[in-house]
Amino acid sequence: METLMIEDLKGLLKKVQGFIQNELLPYEQEHQLNAEEDIPMETIQWVRKRSRELGFYGINLPKEYGGQDLSLKGLCLLKEEIARSGAVLWGQVIGEIGGPLRIGQMLESFTEEQKQKYVLPIVTGEASCCFALTEPNAGSDAFSIETTAVRDGNDYILNGKKHFISAAPYADFAIVIAKEIVEGGKGRITAFIVDKQTQGKSGFELGKIQVPMSGERIHAELLFNQCRVPASNIIGAPGKGLLLGLKRINTNRASHAAGFVGMAQHLLDLSIQQAKTRVQFGRPISDFQAIQHMLAEMATEIYAARSMVYDVVEKIDRGEEDRAGASMAKLFASEVTNRVADKAVQIFGSQGLVKGHPVEKMYRSSRMYRILTGTSEIQKNTIAKELLKA
Ligand SMILES: Cc1cc2nc3c(=O)[nH]c(=O)nc-3n(C[C@H](O)[C@H](O)[C@H](O)COP(=O)(O)OP(=O)(O)OC[C@H]3O[C@@H](n4cnc5c(N)ncnc54)[C@H](O)[C@@H]3O)c2cc1C
């Protein structure tokens with residue numbers, strides 16, 4: 001059974017490699033796609049449709065949702081391979097950005113009606129969603145959110161602002177975490193589905209596009225000004241909003257880490273190629289021990305990060321709760337990728353500094369990994385808390 005599973009995974013990886021090399025990368029080249037420019041929605045739809053036909057899109061979901069109930073390990077292997085390709089649209093292949101990966105672990109919290117109306121279009125790739133927790137005054141300290149929800153008959157009225165929300169510019173609905181004001185109480189954290197259909201009509205607006213140093217134009221503010229949302233759009237139950245986030249926190253951190261390892265490996269692949277072909281002082285720079293040592297250090301750190309990621313992922317797949325392990329994997333993989341990117345720039349010399357060069361772009365992206373999905377300091381806090389538990 002185990003052998004069969006490994007064979008299945010190998011087949012899946014081969015299939016995804018075939019798709020990337022024979023379809024996705026040639027498509028990106030033909031259409032001269034650039035990650036730092038607006039990507040047309042038709043392009044995103046094309047990747048999703050093709051990826052769904054091949055069985056990758058939403059592969060983590062249960063079979064009744066068209067997925068394959070893929071283990072977290074399988075998902076991470078797939079994600080690492082896709083990230084390693086350096087494809088501009090890598091995040092769309094398994095639905096990382098605005099797709100099924102956003103809702104995977106929350107699936108059972110949606111009502112049947114919400115599943116039909118909101119979840120199924122995500123699964124088929126026709127619609128996109130975003131997860132909106134962070135606010136200008138509530139980053140690492142998620143409990144301090146200031147977006148409020150007040151009951152008004154069968155509706156809730158939302159007021160507040162979210163920022164740095166991935167996929168917000170093209171999301172058809174947002175999962176918005178708000179503080180529900182309860183009479184006499186301190187307020188409870190509740191999750192709401194806010195439909196784009198109501199944008200501009202009911203006090204819901206897309207705010208500024210926020211372009212981080214990676215240059216991508218896929219993060220934005222969401223503004224709520226007396227925004228009316230039906231009570232039937234609550235996910236789970238009132239007061240269970242943060243639980244929704246916590247449910248996905250370990251898998252989310254581990255799966256992000258797998259993507260970081262994929263990028264680090266891509267940087268190493270490019271660096272080896274460069275070292276073998278760039279000639280200085282009459283010989284390839286790979287002849288110099290200084291370059292060899294950098295490559296060796298990169299490979300060693302990637303190996304350690306990868307081993308850590310799959311160790312924790314296997315534990316999560318076995319049903320073990322390993323909060324410290326998931327945080328260690330996110331912390332270590334993000335810091336390793338950043339160090340690997342730094343060495344790759346060094347090996348590429350001035351070429352690696354040119355704006356738009358793949359190594360230069362990854363250097364900027366990898367710096368962000370130490371902040372998103374919980375900063376390195378927050379991961380250390382989690383690890384220490386587990387260590388010091390009574
Ligand atoms: C590219 C990108 C995409 C994102 N996508 C989303 C998204 O889709 N949805 C969403 O809701 N959010 C998203 N975020 C927001 C992200 O989750 C936050 O940026 C992150 O949680 C950190 O919050 P902050 O940026 O406000 O930093 P702050 O919390 O202000 O932290 C500033 C500094 O203080 C440190 N610090 C804070 N508290 C402590 C502490 N207790 N102990 C030690 N050090 C501390 C931090 O580590 C950091 O160094 C995204 C961010 C980025 C960059």
Side-chain angles (χ1 to χ4, degrees), residues 35-36 83 90-92 95-106 122 128-147 158 160-179 189-194 206-224 235 241-249 251-253 255-257 259-260 263 326-327 330-331 334-335 337-338 361-388:
E36 299 185 49
W90 78 272
Q92 298 293 344
E96 166 98 15
I97 303 178
L101 268 193
R102 292 265 132 189
I103 48 170
Q105 296 91 40
M106 297 188 256
I122 296 289
S128 313
C129 68
C130 60
F131 185 83
L133 171 64
T134 305
E135 300 179 359
N137 292 326
S140 302
D141 182 10
F143 283 96
S144 66
I145 55 168
E146 295 167 347
T147 296
L158 266 58
K161 178 178 179 177
K162 297 290 176 183
H163 83 168
F164 256 107
I165 308 306
S166 307
Y170 56 84
D172 295 277
F173 70 89
I175 297 170
V176 179
I177 311 296
K179 195 168 264 177
I189 309 282
T190 301
F192 296 87
I193 297 172
V194 182
L206 181 69
K208 274 195 309 235
I209 304 281
Q210 298 173 292
V211 185
M213 63 200 289
S214 66
E216 275 125 9
R217 305 178 54 79
I218 57 168
H219 314 283
E221 298 170 336
L222 292 177
L223 313 175
F224 308 96
I235 307 174
L242 273 188
L243 207 69
L244 216 62
L246 286 176
K247 249 186 198 171
R248 61 200 275 273
I249 204 161
T251 42
N252 211 22
R253 285 176 173 167
S255 98
H256 263 96
F260 303 158
M263 181 192 273
S327 280
K330 197 271 163 180
L331 168 70
S334 61
E335 305 245 343
T337 306
N338 203 199
K361 165 75 172 70
M362 284 187 273
Y363 179 76
R364 286 183 278 127
S365 295
S366 67
R367 182 60 186 86
M368 303 200 324
Y369 296 164
R370 288 161 53 192
I371 291 180
L372 52 85
T373 327
T375 65
S376 289
E377 293 73 28
I378 293 301
Q379 306 305 336
K380 287 178 194 172
N381 289 353
T382 304
I383 298 162
K385 199 170 159 192
E386 293 294 307
L387 291 175
L388 299 170

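The structure presented is a predicted model; accordingly, all values stated were derived computationally and were not measured. In each ligand, atom 1 is the first atom listed, and ligand 1 is the first ligand listed.
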Heavy-atom proximity to atom 50 (C) of ligand 1, best of Phe131, Phe164, Tyr369: Phe164
Numbered atoms and elements of ligand 1 in range of His219, under 4.0 angstrom, heavy atoms: 1 (C), 3 (C)
Intermediate values then yes/no, side-chain contact (heavy atoms from CB on, under 4.5 Å), Leu331 and Thr382: CA-CA 11 Å; Leu331 168 70; Thr382 304; over 6 Å; no
Listed partners of Arg364 passing salt bridge (Lys or Arg N to Asp or Glu O under 4.0 Å), at least two apart: Glu36, Glu360
Sub-4.0 Å protein heavy atom near atom 42 (N) of ligand 1: yes
Residue, atom name and distance, where the atom is the protein heavy atom closest to atom 44 (N) of ligand 1: Glu377 CB, 3.5 Å
Taking atom 20 (C) of ligand 1 as the reference point, the nearest protein heavy atom with its distance: Ile371 O, 3.8 Å
Non-hydrogen protein atom less than 4.0 angstrom from atom 13 (C) of ligand 1: yes
Any donor-acceptor pair under 3.5 Å from Glu216 side chain to Ala35 backbone: no
Protein non-hydrogen atom found under 4.0 Å from atom 3 (C) of ligand 1: yes
Distance, nearest 0.5 Å, that separates CD of Glu335 from CZ of Arg370: 5.0 Å
Donor-acceptor side-chain pairing of Ser327 and Arg253 below 3.5 angstrom: yes
Side chain, backbone, both or neither: the part of Pro212 lying under 4.0 Å from ligand 1 by heavy atom: neither
Identity and separation of the nearest protein heavy atom to atom 37 (C) of ligand 1: Ser140 OG, 3.7 Å
Heavy atom of protein inside 4.0 Å of atom 30 (O) of ligand 1, strictly below: no
Heavy atoms of other groups near Tyr369 OH, more than 12 under 6.0 Å: yes
Nearest-0.5 Å distance, NZ of residue Lys162 to CD1 of residue Ile175: 12.5 Å
Residue, atom name and distance, where the atom is the protein heavy atom closest to atom 8 (O) of ligand 1: Ser166 N, 3.0 Å
Side chain, backbone, both or neither: the part of Asn381 lying under 4.0 Å from ligand 1 by heavy atom: side chain
Contact check: Leu133 vs ligand 1, nitrogen or oxygen atoms, below 3.5 angstrom: yes
For atom 21 (O) of ligand 1, the option (of Ser144, Gly139, Gly98) bearing the nearest heavy atom: Gly139
Residue portion contacting ligand 1 (non-hydrogen atoms closer than 4.0 Å) for Lys162: neither
Atom 39 (C) of ligand 1 [closest protein heavy-atom partner, distance rounded to 0.1 Å]: Ile378 CD1, 3.8 Å
Numbered atoms and elements of ligand 1 in range of Met368, under 4.0 angstrom, heavy atoms: 1 (C)
Atom indices of ligand 1 within 4.0 angstrom of Ile165 heavy atoms, with elements: 7 (C), 8 (O), 9 (N), 10 (C), 11 (O)
Donor-acceptor under 3.5 Å (Glu146 side chain, Gly160 main chain): no
Value rounded to 0.5 Å, distance of CG in Leu206 from SG in Cys130: 9.0 Å
NE2 on His219 to CD on Gln210, rounded to 0.5 Å: 9.0 Å
Candidate with minimal heavy-atom separation from atom 15 (C) of ligand 1, of Ile218, Thr373, Thr134: Thr134
Ligand 1 versus Thr375: contacting region, heavy-atom distance under 4.0 Å: side chain
Student check: side-chain heavy atoms of Pro169 and Arg217 closer than 4.5 Å: no
Sub-4.0 Å protein heavy atom near atom 52 (C) of ligand 1: yes
Qualifying residue for side chain to side chain contact (heavy atoms under 4.5 Å, CB included) with Leu133, from Ile165, Ile189, Leu242: Leu242
Name of the residue among Thr147, Ile145, Thr190 meeting side chain to side chain contact (heavy atoms under 4.5 Å, CB included) with Ile177: Ile145
